[in-house]
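Computed from a predicted structure; not experimentally measured. In what follows, chains are A, B, ... by sequence order, proteins preceding strands, each numbered from 1. Below, each value reflects all heavy atoms present in this structure, side chains not excepted, and no hydrogens, waters or symmetry copies.
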Amino acid sequence: MTRVRFAPSPTGYLHIGGVRTALFNWLWARKTKGVFVLRIEDTDQERSTEASKKAILDSLEWLGLDWDEGPFVQTGRLAIYKEYAERLVREKKAFRCYCTKEELEAQREELKKKDPKAQFRYPGTCRDRADEPNKPFVVRFRTPSEGAVTYVDKVFGEITTPNAAQQDFVLLRSDGMPLYNFGAVVDDVSMEITLVARGRDHMVNTPPQIMIYEALGARVPEFAHLPMMLAQSGEKLSKRHGAVSALEYRDQGYTPNAVLNYLVRFGWSHGDQEIFSKDELIAAFGWEACGRGDGKFDAKKFLAVNHAHLKEQRLVPDDDYAKRLLPFVEQRGLTPTLAATKEAVPLVRERATTFIDAADRLDFVFRSDPVMDEAATAKFLVADAAPHLRGLAAQLEGMTSWNAQAIDTRMHDWLAELGLEIKHVAQPARVALTGRTASPGLFEVIAALGKSETLRRLSRGATLADARDPGRGEKPKA
RNA sequence: GGCCCCAUCGUCUAGCGGUUAGGACAUCGGCCUCUCACGCCGGUAACAUGGGUUCGAUUCCCAUUGGGGUCACCA
């Protein structure tokens, strides 16, 4: 049984790099019908906050990365780390170190003075020191200076690191808190994790962690490291490069599966396929198709992927679309029903790149008096246009069946009689109905607004047009 | 600096010894067209460098260069 985990520390919002790590774990769990464990690594008391923890849970929930066990919280498991640490001390695989922070710091400074390039290594002063009651201590791992650790990474292949690169690293702080490597290993052992997938920035932690597994007599899990996602500049991706928090994308009107789709294609590929539903992702996912090179985040492609999802009924069905769109419409002070929202979705299906964009494009539908764009009004609601708008209204008034196709036919018949082309009336009508020069198709707009509302807006547009001199589009309103 | 890792269009990537080096985003033309989009057609654009191995290297090996990660009582 596969058991994987996502173990963020609650020291801020959930970063999209973190989402990617969670996603790869989640996909592997779902693909193998295994278990996805959520663990909160909150042993850094200074930086951990309850708000961050909530942001992480909210993010995962929004993204649909559901966990099967947890969330487990490390600060709730301190007794376990202590017990494991004591066991290692008893077995002489670890030892108590009574050196103070200041002493270590002084030694570091001393070394730096002699050779600025030399790296500080714990001198081993306490390795065989007798216990000293009532004196604070940390527990350090007794690292062998010879030999090497080798493991086979699921994406990077065989990795060998000499033990000489390691020192007697700290397992337990003097306040009883486990350090990352120790806490993670103890938890992964007791939660029976079979594969650890995480960012490449953790690759250096793997050898010492394997040492701990072996000292504990525990089975070493498999490891899979993911290449880094960097900013366009090549630096680490952070707030100054734009939106990096998962919830920001929610608030910008992205649909969760598109976020997952973009992130999964970053460092993983499946032939030429770019767009995936969640189920397709689960079916296609595998470590062998993961790349090893770091990459740069591309906001434009991300947007394009979101657009691709919003376009397809298959990926975002009308019901789902309407449910996610509605809050953005409400943000504009409008309160259509969910049903009305759903009816409007086809108008923007192929146009909207985000739900915010969709809400903007549909503003005229849900607002009884559409916001009239100044330039559009000045250009198209001119005196020449008034008769066309009234003529169109007259045609529509007589219609019995109200749908885009019928409206299309009726309008073209009418225009043919007059010897006009649609382009002569389309823009004035569009501005009268939507307030803008750009909108969904005119017949669809008319069909969506309904007869009485269409007639009302056309009449109002004609009135506005009357107020202008013929052929002089620049006149201000009276 | 030590240790570890990486290297195909601007970006994400396909390629797993022999290809006109493919796709997507972006970009530039064009078509479609009631606007905006969608869609369609086409263009520009990449194997970091130097050595090997091989009949033949983008592909395998080694260097160089470049980039990244990490060196805490953070995670």
Side-chain angles (χ1 to χ4, degrees), chain A residues 7-11 41-44 46-48 97 99-101 104-105 108 115-121 136-140 153 156-157 159-162 164-167 169-181 183-184 198-207 225 227-230 232 234-236 262 265-275 289 291-305 307-308 311 348-353 361 376 380 408 411 415 421-431 434 436-443 445:
Chain A
S9 59
T11 54
E41 308 210 326
D42 62 342
T43 54
D44 183 347
E46 279 84 58
R47 295 195 298 151
S48 296
C97 171
C99 299
T100 64
K101 235 175 186 170
L104 258 16
E105 196 49 45
R108 239 185 282 267
D115 180 5
K117 285 177 182 170
Q119 67 169 328
F120 176 75
R121 295 181 58 82
F137 61 87
V138 300
V139 176
R140 283 182 188 276
D153 191 285
F156 285 95
I159 307 285
T160 298
T161 308
Q166 242 65 54
Q167 58 176 327
F169 53 90
V170 175
L171 262 24
L172 214 59
R173 308 204 312 193
S174 52
D175 64 1
M177 286 290 173
L179 248 66
Y180 171 72
N181 277 334
R198 75 238 291 201
R200 189 173 62 81
D201 48 338
H202 282 296
M203 200 145 50
V204 291
N205 289 319
T206 305
H225 290 96
M228 305 264 80
M229 188 159 62
L230 308 168
Q232 280 296 321
E235 317 168 80
K236 243 180 151 175
Y262 175 74
R265 280 287 293 103
F266 202 103
W268 175 85
S269 61
H270 186 65
D272 283 343
Q273 189 172 354
E274 297 282 345
I275 302 301
R292 284 151 299 163
D294 291 342
K296 295 172 183 175
F297 178 78
D298 184 349
K300 278 188 177 164
K301 179 134 189 178
F302 196 174
L303 216 214
V305 170
H307 189 187
K311 272 191 301 205
V348 291
R349 257 293 169 192
E350 302 200 316
R351 294 165 232 268
T353 57
R361 288 170 186 272
F380 292 107
D408 182 346
M411 247 185 102
L415 288 165
E421 286 179 72
I422 188 159
K423 61 184 170 194
H424 299 305
V425 294
Q427 284 304 78
R430 186 187 316 283
V431 173
T434 72
R436 303 183 187 184
T437 54
S439 81
L442 188 58
F443 314 128
V445 166

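- To the nearest 0.5 Å, atoms CG (Leu179(A)) and OG1 (Thr43(A)) are separated by 7.0 Å.
- Taking the side-chain hydrogen bond (donor to acceptor under 3.5 Å, both in side chains) definition, one finds that Arg108(A) meets it with Glu105(A), sequence neighbours left out.
- Here Arg265(A) lies in heavy-atom contact (under 4.0 Å) with a base.
- Side-chain contact between Ile422(A) and Phe443(A) is present, with heavy atoms from C-beta onward closer than 4.5 Å.
- Both distances falling under 3.5 Å, in either a Watson-Crick or a G-U wobble arrangement, place rA24(B) opposite rU11(B).
- Legend: residues meeting side-chain contact (heavy atoms from CB on, under 4.5 Å) with Phe137(A), ordered by chain and number and at least two apart, are Arg96(A), Tyr98(A), Val139(A).
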Would you list the protein and nucleotides 59-64 of chain B atom pairs, both N or O, that sit under 3.5 Å from each other?
none

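- For rG1(B) and rU44(B), the C1' atoms lie 44 Å apart once the distance is rounded to whole Å.
- Taking the C1' atom of each, rU70(B) and rC61(B) are spaced 28 Å apart, rounded to whole Å.
- Arg351(A) meets the side-chain contact (heavy atoms from CB on, under 4.5 Å) test with Arg361(A), Pro440(A); sequence neighbours excluded.
- Nucleotide rU11(B) holds its C1' atom 11 Å from the CZ atom of Phe297(A), rounded to whole Å.
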I'd like a table of donor-acceptor pairs (distance under 3.5 Å, sequence neighbours excluded) in which one partner is a side-chain atom from residues 294-305 of chain A, with atom names and distances.
| from | atom 1 | to | atom 2 | distance (Å) |
| --- | --- | --- | --- | --- |
| Asp294(A) | OD1 | Arg200(A) | NE | 3.2 |
| Asp294(A) | OD1 | Arg200(A) | NH2 | 3.3 |
| Asp294(A) | OD1 | Met228(A) | N | 2.9 |
| Asp294(A) | OD2 | Arg200(A) | NH2 | 2.6 |
| Asp298(A) | OD1 | Lys300(A) | N | 3.0 |
| Asp298(A) | OD1 | Lys301(A) | N | 3.4 |
| Lys301(A) | NZ | Glu274(A) | OE1 | 3.4 |

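- Both Pro162(A) and Asp298(A) lie close to RNA chain B; mapped to their nearest nucleotides by heavy-atom distance, the more 5′-ward contact belongs to Pro162(A).
- Remark: C1' of rA14(B) and CH2 of Trp268(A) are 13 Å apart, rounded to the nearest angstrom.
- When both distances must be under 3.5 Å, the Watson-Crick or G-U wobble mate of rA37(B) does not exist.
- Nucleotides rG67(B) and rA75(B) are separated by 24 Å at their C1' atoms, to the nearest Å.
- Spacing of C1' atoms, rG23(B) relative to rU8(B), comes out at 13 Å, to the nearest Å.
- Rounded to whole Å, the C1' atom of rA24(B) lies 26 Å from the corresponding atom of rU33(B).
- In this structure, the side-chain hydrogen bond (donor to acceptor under 3.5 Å, both in side chains) partners of Arg47(A), at least two apart in sequence or on a different chain, are Asp44(A).
- Per the geometry, NE2 belonging to His270(A) stands 15 Å off C1' belonging to rA24(B), to the nearest Å.
- Across rG15(B) and rA26(B), the matching P atoms stand 24 Å from one another, rounded to whole Å.
- Base-pair partner of rC32(B): not found among the strands shown (Watson-Crick or G-U wobble, both distances under 3.5 Å).
- Panel note: side chain Arg292(A), backbone Gly157(A); no donor-acceptor pair is recorded below 3.5 Å.
- Between the CG atom of Leu303(A) and the C1' atom of rU27(B) there is a distance of 16 Å, rounded to whole Å.
- As the counterpart of rC71(B), rG1(B) is assigned, both hydrogen-bonding distances of the Watson-Crick or G-U wobble pattern falling under 3.5 Å.
- Protein atom NZ of Lys301(A) is 12 Å distant from nucleotide atom C1' of rC9(B), rounded to whole Å.
- Of the candidates rC6(B), rA26(B), rA14(B), the closest approach to any side-chain atom of Ser269(A) belongs to rA14(B).
- Minimum heavy-atom separation, Lys311(A) to Glu350(A): CG-CA, 3.8 Å.
- Here the separation of rU13(B) from rU19(B), taken at their P atoms, is 25 Å to the nearest Å.
- Applying the side-chain contact (heavy atoms from CB on, under 4.5 Å) rule to Thr437(A) yields the partners Ala376(A), Phe380(A), Gln427(A), Val431(A); only residues at least two apart in sequence or on another chain are considered.
- The partner of rG66(B) is rC6(B), judged by Watson-Crick or G-U wobble contacts that both fall below 3.5 Å.
- A donor-acceptor pair under 3.5 Å is absent between the side-chain atoms of Ser9(A) and the main chain of Thr11(A), judged by distance alone.
- Judged by Watson-Crick or G-U wobble contacts below 3.5 Å, the nucleotide rU53(B) has no partner.
- What separates CZ of Arg292(A) from P of rC6(B) is a distance of 6 Å, to the nearest Å.
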Reading nucleotides 32-45 of chain B from 5' to 3' and marking B where a protein heavy atom lies under 4.0 Å of the base, S where only the sugar-phosphate is that close, and - otherwise, the string is --BBBBSS------
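- Pairing partner, rU59(B): none, since no Watson-Crick or wobble contact has both distances short of 3.5 Å.
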Quick one, give me the B/S/- string for nucleotides 66-75 of chain B, reading 5' to 3', where B means a protein heavy atom under 4.0 Å from the base and S means that only happens at the primed atoms, P, OP1 or OP2.
-> --BBSBSBBB
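- Legend: residues meeting side-chain contact (heavy atoms from CB on, under 4.5 Å) with His270(A), ordered by chain and number and at least two apart, are Trp268(A), Gln273(A), Phe276(A), Ala284(A).
- Residue Ile275(A) is out of contact with every strand shown, counting any heavy-atom pair closer than 4.0 Å.
- Nucleotides rC73(B) and rG66(B) place their C1' atoms 37 Å apart, quoted to the nearest Å.
- In this structure, Lys296(A) places its NZ atom 15 Å from C1' of rU13(B), rounding to the nearest Å.
- Qualifying side-chain hydrogen bond (donor to acceptor under 3.5 Å, both in side chains) partners for Thr206(A), counting only residues two or more places apart in sequence or in other chains: Arg198(A), His225(A).
- Taking Ser439(A) as the reference, Arg430(A) meet the side-chain hydrogen bond (donor to acceptor under 3.5 Å, both in side chains) condition, with sequence neighbours excluded.
- Here Thr434(A) lies out of heavy-atom contact (under 4.0 Å) with every strand.
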